[in-house]
Amino acid sequence: MNAASFYAKAPKHLVAVDCIIFGFDEGRLKLLIMERKVAPMAGEWSLVGGFVQEDESTDEAAARVLAHTTGLDDIYMNQLHCYGNVGRDTGARVISVAYYALIRIKNHDKPLAREHGAHWLELHEIPELIFDHGKMIEDALAALRNNAQFHPIGFELLPEKFTLSQLRCLYEEIYRKTLDKRNFRKKILSLDVMEKLEEKDKTSSKKGAHLYRFDPEKYEALKRKGLVFEI
């Protein structure tokens, strides 16, 4: 059998990318979901996604979908899993490669997101989603928790300058549990991966709280020493 006939007889499937987009705002971990505009299940809630084009990789397709919806590029993005159960999409035989992304909510293009019918919702507010998108969110949350424990990806969700309270609140949202304030402060400062700034955040008190900034060079130095980022 020659190559042409071999490929001609192979079954044809559609390949999609679906993006689980996390953001952190007002002390809450949030997800960007949208109202589906096409049949089947038009008007239902969905993750942000689209089909992979012939001239792009799945990574490129996910980056395109993210930029198209949020107006942002160079976003932290990690491939999660491939979802290919037969019948998972009622419209056609579709295999989906899912990615989870971390963005700073204040940086994204709000009018652009609204134009696409996208909304930021807290985790407990997420309604029932189409197909297997609920399973994708569960898997993405598990992956986020695992990676955040040993890699400084949580900083991708914070503004450039943040307080230790904001950082602790973020990790409490990721892990869905309360962290001891004193132990968390001691642990994160002992890693020496942040720069303490002279500026203070005085929104909650007159005395204010010192602002910090994640320092990639300090993190690289930590790795060179053979030490592990762990929270």
Side-chain angles (χ1 to χ4, degrees), residues 14-38 41 44-52 56-85 88-91 94-110 112-158 170-176:
L14 295 172
V15 179
V17 290
D18 285 297
C19 301
I20 304 96
I21 306 173
F22 291 106
F24 184 67
D25 186 43
E26 298 179 347
R28 292 290 182 266
L29 190 64
K30 297 183 178 182
L31 274 170
L32 190 67
I33 62 173
M34 64 192 303
E35 296 176 69
R36 185 174 168 91
K37 295 183 178 181
V38 299
M41 306 186 79
E44 298 295 319
W45 290 104
S46 166
L47 292 172
V48 177
F51 290 114
V52 179
E56 63 184 359
S57 66
T58 55
D59 285 1
E60 290 168 339
R64 171 178 54 80
V65 166
L66 286 167
H68 186 64
T69 309
T70 67
L72 298 175
D73 53 19
D74 194 25
I75 298 173
Y76 176 90
M77 181 179 70
N78 203 2
Q79 189 176 120
L80 176 65
H81 188 65
C82 179
Y83 297 82
N85 285 347
R88 60 166 298 276
D89 188 321
T90 57
V94 181
I95 297 170
S96 179
V97 181
Y99 290 78
Y100 74 89
L102 310 179
I103 76 172
R104 295 180 172 94
I105 288 183
K106 295 186 184 300
N107 292 353
H108 88 289
D109 189 328
K110 293 180 181 179
L112 181 63
R114 285 196 295 269
E115 179 184 328
H116 291 285
H119 302 267
W120 286 103
L121 296 179
E122 295 180 29
L123 297 181
H124 71 274
E125 297 174 325
I126 301 298
E128 184 175 351
L129 303 182
I130 65 170
F131 309 148
D132 50 4
H133 289 191
K135 171 61 173 171
M136 291 180 184
I137 291 176
E138 291 179 12
D139 294 344
L141 280 168
L144 174 61
R145 288 168 187 146
N146 288 336
N147 285 339
Q149 185 176 1
F150 299 107
H151 305 280
I153 62 173
F155 295 105
E156 300 286 345
L157 292 162
L158 291 168
L170 168 62
Y171 277 93
E172 287 180 338
E173 280 288 292
I174 292 175
Y175 295 142
R176 311 303 289 172

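Residue numbers count from 1 along this sequence. The shown structure was predicted, so the numbers you read here are calculated from the model rather than taken from an experiment.
- Contact record, Leu112 with Ala67: CD2-O, 3.9 Å, taken as the closest heavy-atom pair.
- Considering only heavy atoms from C-beta on, Asp132 stays 4.5 Å or farther from Asn85 through its side chain.
- Atom-to-atom distance recorded for Ile20:CD1 and Leu31:CG is 8.5 Å, nearest 0.5 angstrom.
- Distance check, rounded to the nearest 0.5 Å: CG of Leu102 to CZ of Phe24 gives 12.5 Å.
- Checked against the 6.0 Å centroid criterion, the rings of Trp45 and His133 do not qualify as a close aromatic pair.
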Step by step, work out the side-chain contact (heavy atoms from CB on, under 4.5 Å) result for Phe51 and Val94. CA-CA 9 Å; Phe51 290 114; Val94 181; 4.1 Å; yes
Apply side-chain contact (heavy atoms from CB on, under 4.5 Å) to Tyr99 and Leu80, showing your working. CA-CA 5 Å; Tyr99 290 78; Leu80 176 65; 5.9 Å; no
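- Closest approach of Glu56 to Ala61, counting heavy atoms only: OE2-CB, 3.4 Å.
- Here Arg114 contributes atom CZ and Asp109 contributes atom CG; the two are 8.5 Å apart, rounded to the nearest 0.5 Å.
- Distance alone, capped at 3.5 Å, places no donor-acceptor pair between the Arg88 side chain and the Ile95 backbone.
- The main-chain N or O of Ser57 is found under 3.5 Å from a side-chain atom of Glu60 such that the two form a donor-acceptor pair.
- Distance CG/Asn78 to CG/Asp59: 9.5 Å, rounded to 0.5 Å.
- The heavy-atom pair separating Glu44 from Ile130 by the smallest distance is CB-CG2, 3.5 Å.
- Between Leu29 and Leu144 the shortest side-chain heavy-atom distance falls below 4.5 Å.
- If you take CG on Asp25 and CG on Leu157, they are separated by 11.0 Å, rounding to the nearest 0.5 Å.
- The main-chain N or O of His68 is found under 3.5 Å from a side-chain atom of His116 such that the two form a donor-acceptor pair.
- Between the side chain of Arg104 and the backbone N or O of Lys106 there is no donor-acceptor pair closer than 3.5 Å.
- Judged by distance alone, with hydrogens and angles left aside, the side-chain atoms of His108 form no donor-acceptor pair with the main-chain N or O of Thr70 at under 3.5 Å.
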Report the C-alpha distance between Met136 and Phe131 in whole Å, list the side-chain angles of each, state the deciding distance to 0.1 Å, and finish with yes or no for side-chain contact (heavy atoms from CB on, under 4.5 Å). CA-CA 10 Å; Met136 291 180 184; Phe131 309 148; over 6 Å; no
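- What you find for Leu121 and Pro127 is that their closest heavy atoms are CD1-CD, 3.9 Å.
- Rounding to the nearest 0.5 Å gives a distance of 13.0 Å between CD of Glu156 and NE2 of His151.
- Of all non-hydrogen atoms in Asp18 and Ser96, the two that sit nearest each other are OD2-OG, 2.6 Å.
- Nearest heavy-atom pair, Leu72 versus Asn107, reported as atom, atom and distance to 0.1 Å: CD2-O, 3.3 Å.
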Check step by step if side-chain contact (heavy atoms from CB on, under 4.5 Å) holds for Ile103 and Leu66. CA-CA 10 Å; Ile103 76 172; Leu66 286 167; 5.7 Å; no
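- No donor-acceptor distance shorter than 3.5 angstrom exists from the side chain of Tyr100 to the backbone of Leu141, with no hydrogens or angles considered.
- A donor-acceptor contact closer than 3.5 angstrom links the side chains of Tyr83 and Asp139.
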